[in-house]
Amino acid sequence: MTKIQSISTSQGPLMKRYRVRSIKVETMGSSHAIPALEEDIALRLREEVAEYAKLKEVGE
């Protein structure tokens, strides 16, 4: 968790229709994406990871 530099969510038009979002977690060396999570779960997960990683701002 300490190596995480940013975490963000994204949602395109089709994803918006089905109320899903993708989460992108970035570290210095790489980035990882979790596609198509339910919207409320994705937002909660983003906030929890940001809290554990002690990030000041969370991108959307």
Side-chain angles (χ1 to χ4, degrees):
M1 291 292 199
T2 59
K3 298 193 188 257
I4 295 175
Q5 290 187 320
S6 70
I7 183 165
S8 61
T9 60
S10 62
Q11 184 180 46
L14 190 57
M15 294 175 85
K16 193 172 206 165
R17 175 175 163 80
Y18 291 104
R19 301 185 57 134
V20 294
R21 290 181 180 237
S22 293
I23 293 181
K24 185 176 182 181
V25 179
E26 295 184 37
T27 63
M28 278 190 87
S30 64
S31 75
H32 305 279
I34 305 171
L37 291 172
E38 290 180 24
E39 194 167 23
D40 58 334
I41 293 171
L43 295 173
R44 190 167 19 121
L45 180 60
R46 181 188 71 189
E47 295 299 324
E48 288 181 18
V49 170
E51 185 179 323
Y52 291 132
K54 296 181 173 91
L55 297 175
K56 290 185 170 71
E57 282 188 32
V58 178
E60 179 142 1

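For residues 24-36, the pairs satisfying salt bridge (charged side-chain N to carboxylate O under 4.0 Å, His left out) are Lys24-Glu26, with sequence neighbours left out. For residues 33-42, every residue pair satisfying the salt bridge (charged side-chain N to carboxylate O under 4.0 Å, His left out) rule, not counting sequence neighbours, is listed here: Arg19-Glu39, Arg21-Glu39.
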Using distance only, find each side-chain donor-acceptor pair of residues 30-37 under 3.5 Å and give its atom names and separation, not counting sequence neighbours.
from, atom 1, to, atom 2, distance (Å)
Ser30, OG, Thr27, OG1, 3.4
Ser30, OG, His32, NE2, 3.2

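Here the rule is side chain to side chain contact (heavy atoms under 4.5 Å, CB included) with Arg46, and of Val25, Ile41, Thr9 only Thr9 fits it.
A single hydrophobic cluster is seen to contain both Ile4 and Ile23, as judged by linkage of ILVMFWY side chains at heavy-atom distances under 4.5 Å, directly or through other members.
Scored by the side chain to side chain contact (heavy atoms under 4.5 Å, CB included) test, Thr2 finds no partners at all (sequence neighbours excluded). Under the rule for a salt bridge (Lys or Arg N to Asp or Glu O under 4.0 Å), Arg44 has no partner lying at least two apart in sequence or in another chain.
Residues Met28 and Lys3 have side chains not in contact (no heavy-atom distance under 4.5 Å, counting atoms from C-beta outward).
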